[in-house]
There are 2 protein chains.
Amino acid sequence: MDLWFTEKYENNTALSIKIKKTLYSGKSPFQKIDILESEDLGRILLLDDFIMLTEAHEFAYHEMIAHVPLFAHPNPEKVLIIGGGDGGTAREVVKHDVVKKCVMCEIDGMVVEKSKEYLPTVASAFDNPKLDLLIDDGIKYIKENKDTFDVIIIDSTDPIGPAEGLFKQEFYKQVFNCLKDDGIMVAQAENPYYYTDIQKDMFDNLKAVFPIVTMYLSFIPFYPSGMWSFAFASKKYKYNDNPRISDIENMEKTLKYFNNDIFYGCFALPNFAKVVL
Amino acid sequence: MDLWFTEKYENNTALSIKIKKTLYSGKSPFQKIDILESEDLGRILLLDDFIMLTEAHEFAYHEMIAHVPLFAHPNPEKVLIIGGGDGGTAREVVKHDVVKKCVMCEIDGMVVEKSKEYLPTVASAFDNPKLDLLIDDGIKYIKENKDTFDVIIIDSTDPIGPAEGLFKQEFYKQVFNCLKDDGIMVAQAENPYYYTDIQKDMFDNLKAVFPIVTMYLSFIPFYPSGMWSFAFASKKYKYNDNPRISDIENMEKTLKYFNNDIFYGCFALPNFAKVVL
């Protein structure tokens, strides 16, 4: 059987992956969840028919959303992840010795459950003693916890569906208050080739709240355009204020994407992407 | 009519673009040539059914293959382009005041002819007095011209078909001899996510000939994986030995991709790509 999964994008383009079989298909109270076995890219997680990860390339997303803010902060002891139900971001966060506690607040328990069952190399940190998993609404959690975290990572789906509220100015105000005085927030931020309008709104909302806002990039083959961006919003530190070079050099030996050159290079933005800022 | 062009990759993935109509389809002595009008990405040039460019994103390729070597060299007066029949690379090269002469040696005159006819914004430099267009075999031309050029740009198709010889060690030796004593060569170099083996051969061949060999990257949505690489091979200068900052700053005002941050940042390689070097 010549079975292909195709994700169509709004700009009349599409990306397809040859599939061996469907491992799981279900519906949570929040979204459709599918896990497919692909021919060459390992397993694939879909939420509402959008590719969230391929086992082959998820490192390019999870390493970059986690290690950039954690190395931009001089002492990130307490980290909060909003979303990130597959566990890949948590897996990267708990690698840092300096992290004492990582709270992960995911609204959809079924994503966690199915990732543990079908994506064990991604969902490998749920037993880590540093990790506290809460199945709860991230917006509510952030509102209830003031002045608590050094780093907050927003590892959400797109701003349609359950994650819509995570791109609003009101939410970023609560994130600001949930961070300590020198806290840093990073959020997945779509792509500058296709979604400049969404990005413009998002970054305008961030700039209304945070004094330091910029963007960094990662090459991720199965996200639209292959160019993915992250918003970096900070109360006090620029990304390069506290280079813990020796920590980065130790960490990068174990990683597939992130390294010291990338830590600096990923903030270089092509001109067409700079307009978002 | 719901018409889509699909390019299938060897790793059982595919990329599709919705097409309004075919503008031109023909066969030269060297390859199949198609020019399509797409729904959202402007016109598209295909050679042997592979996407060479979309009007929407070609800047990300042409700016990066041209401006990086030209700003790495302190005084690139004479530039040679091998291939590049659509004219996009030449368009970028002649923008540099310091360039006195740009020779472009393209084996397939029909690519030039059809690009002039259907892709006028790409093929815009063919009337420039600094440009000498030769319809000839690049391998032969390079063999016959010793110690002539400051910068050589290999803007070729993939190492299957007419461009196969442009990835061999013997060819790189001739390129080395065709360059002046402080010359720089840049070549399109496939992508590190899917074609690590091809890249490994290519970079081993380059390292056997040039003392300085490295790689840089650009985000290009309609090349496989969206991550495209260029080989940088130099007789004398590292890419950052001669920063003509004010020239870069003047040039970048007119560009969509390249700028001073990108000039440095594009050489930052993820760990999985570094293995090629």
Side-chain angles (χ1 to χ4, degrees), chain A residues 4-20 38-41 54 56-57 59-60 63-64 191-194 216-229 252-275, chain B residues 4-20 38-41 54 56-57 59-60 63-64 191-194 216-229 252-275:
Chain A
W4 290 76
F5 168 77
T6 295
E7 182 172 332
K8 281 195 188 179
Y9 306 136
E10 278 164 49
N11 66 348
N12 284 302
T13 64
L15 219 145
S16 305
I17 303 176
K18 193 169 184 193
I19 299 304
K20 280 182 183 160
S38 77
E39 199 68 35
D40 285 347
L41 307 178
T54 68
H57 309 113
F59 65 87
E63 290 186 14
M64 290 301 283
N191 94 70
Y193 270 117
Y194 302 172
Y216 65 93
L217 301 170
S218 178
F219 290 93
I220 306 179
F222 290 91
Y223 285 174
S225 89
M227 179 189 208
W228 211 249
S229 77
E252 73 179 52
K253 288 176 202 151
T254 69
L255 302 177
K256 291 186 202 165
Y257 197 104
F258 180 89
N259 58 47
N260 193 49
D261 294 344
I262 289 287
F263 182 54
Y264 292 91
C266 70
F267 285 91
L269 303 178
N271 296 335
F272 78 93
K274 277 189 184 173
V275 301
Chain B
W4 290 75
F5 168 77
T6 295
E7 183 172 332
K8 281 195 188 179
Y9 306 137
E10 279 165 46
N11 66 349
N12 283 301
T13 64
L15 220 145
S16 304
I17 302 176
K18 194 170 183 191
I19 300 304
K20 280 183 184 160
S38 77
E39 198 69 36
D40 284 349
L41 308 177
T54 69
H57 308 112
F59 66 86
E63 290 187 13
M64 290 301 283
N191 94 69
Y193 270 117
Y194 302 172
Y216 65 93
L217 302 171
S218 179
F219 290 94
I220 305 179
F222 291 89
Y223 284 175
S225 88
M227 179 191 208
W228 210 251
S229 77
E252 74 180 52
K253 286 175 203 152
T254 69
L255 302 177
K256 292 186 203 166
Y257 197 103
F258 180 88
N259 58 46
N260 194 49
D261 294 344
I262 289 287
F263 182 54
Y264 293 91
C266 70
F267 285 91
L269 303 177
N271 295 336
F272 78 94
K274 277 191 184 172
V275 301

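So that the names make sense, note that chain A is the first sequence line, chain B the second, and so on, each numbered from 1.
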Pair count under 4.5 Å, heavy atoms only, with chain B: among A/Pro224, A/Gly265, A/Ser225, highest is A/Ser225

Backbone N/O of B/Ser229 and side chain of B/Asn191: donor-acceptor pair under 3.5 Å: no

Centres of the A/Tyr264 and B/Tyr264 rings: under 6.0 Å? no

Measuring centre to centre across the rings, with the benzene-like ring taken for any Trp, is A/Phe59 within less than 6.0 Å of B/Phe272? yes

Full working for side chain to side chain contact (heavy atoms under 4.5 Å, CB included) between A/Phe219 and A/Met227: CA-CA 5 Å; A/Phe219 290 93; A/Met227 179 189 208; over 6 Å; no

Proximity breakdown for B/Thr6 and chain A, heavy-atom pairs closer than 4.5 Å: neither

Among A/Ala56, A/Ser218, A/Ser38, the residue with the most heavy-atom pairs under 4.5 Å to chain B is A/Ser218

Heavy-atom cut-off 4.5 Å, strictly under: side chain, backbone, both or neither for B/Tyr223 against chain A? neither

Which region of B/Phe5, side chain (C-beta onward) or backbone (N, CA, C, O), has a non-hydrogen atom less than 4.5 Å from a non-hydrogen atom of chain A, or is it both or neither? neither

Segment of A/Phe222 engaging chain B (4.5 angstrom heavy-atom cut-off): side chain

One option among A/Leu255, A/Asn12, A/Thr13, A/Asp261 has the most heavy-atom pairs under 4.5 Å with chain B, and it is A/Asn12

Evaluate the criterion side chain to side chain contact (heavy atoms under 4.5 Å, CB included) for residue pair A/Asp40 and A/Lys18; output intermediate values, then yes/no. CA-CA 8 Å; A/Asp40 285 347; A/Lys18 193 169 184 193; over 6 Å; no

Parallel, tilted or perpendicular: which fits the ring planes of B/Tyr194 and B/Tyr9, with parallel below 30° and perpendicular above 60°? tilted

Bottom line for B/Glu10: the part with an atom under 4.5 Å from chain A's heavy atoms is backbone

Under 3.5 Å donor-acceptor, B/Glu63 side chain and B/Lys256 backbone: yes

Under 4.5 Å from any heavy atom of chain A, what part of B/Ile19 do you find: side chain, backbone, both or neither? neither

Under 4.5 Å, counting heavy-atom pairs only, tell me which of A/Ala273, A/Gly226, A/Pro270 racks up the most with chain B. A/Pro270

